[in-house]
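Have a look at the structure below, then the notes.
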Amino acid sequence: MARKPLLLLGFGITVFLSGTLIYYSEGVFSLFLVDESIIHLGQLLARRAFPFYILYVVLEVFSSAIRGLGKSLQPAIITVVNFCIVRVALVILFMGSNPTPDRIVLVYPITWGTTAACMYIFYKQIPLSK
């Protein structure tokens, strides 16, 4: 299976792009925004979320591998449950006590991680023929 090379390629590209966007975030956001407070907020959100994009690589590779094995409904269900139900529950939980943008952005990496874990666990349950 080509999972390992795809994961390594995805990790490399993601680390490079995330690192570059974090480092140059002020300039990148300045291309689209003029309000300094919004640019600063964008930088804060980028620093909180971009380092965790590597989790998205894992969930996409395993989701694609599962679909390639002929099972398309299960990745869809896993994604809907984690990205909709778990994410909304976490937003309600996180925003209840102290509603700030830096807290809400943490919901995204958490749900990327839960989705990646579920995809991996489901993938490991599929019998692979030789």
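Numbering of residues begins at 1 and proceeds along the displayed sequence.
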Interatomic distance, Ile104 atom CD1 to Met95 atom CE [nearest 0.5 angstrom]: 4.5 Å

Transitive ILVMFWY side-chain link Leu55 to Ile121, under 4.5 Å: no

Gap between atom CZ of Arg103 and atom CG of Leu93 - 0.5 Å precision: 8.0 Å

Thr111 side-chain N/O to Tyr108 backbone N/O, donor-acceptor pair under 3.5 Å: yes

Joint hydrophobic cluster, Leu90 plus Val105, side-chain heavy atoms closer than 4.5 Å: no

Joint cluster assignment, Leu21 & Leu44, ILVMFWY side-chain distance < 4.5 Å: no

Close side-chain approach of Phe62 and Phe122, heavy atoms under 4.5 Å: no

Euclidean distance, Leu45 CG relative to Ile38 CD1, rounded to 0.5 Å: 10.0 Å

Tyr123 side chain reached by Leu69 side chain, heavy atoms, under 4.5 Å: yes

Reference residue Thr115; test side-chain contact (heavy atoms from CB on, under 4.5 Å); the match among Val81, Val80, Ile78: Ile78

Check: Arg87 and Asn82 side chains under 4.5 Å, non-hydrogen atoms: no

Sub-4.5 Å side-chain heavy-atom contact between Phe94 and Ile110: yes

Same cluster (ILVMFWY, side-chain, under 4.5 Å), Val86 and Ile92: no

Same cluster (ILVMFWY, side-chain, under 4.5 Å), Phe83 and Ile77: no

Closest heavy-atom pair and its distance - Ile54, Val15: CD1-CG2, 4.0 Å

Phe11 side chain reached by Leu7 side chain, heavy atoms, under 4.5 Å: yes

Ring centres under 6.0 angstrom apart (Tyr53, Phe50): yes

Minimum heavy-atom distance Leu59-Met119, with the two atoms named: O-CG, 4.0 Å

Side-chain touch Val61/Val57, heavy atoms, less than 4.5 angstrom: yes

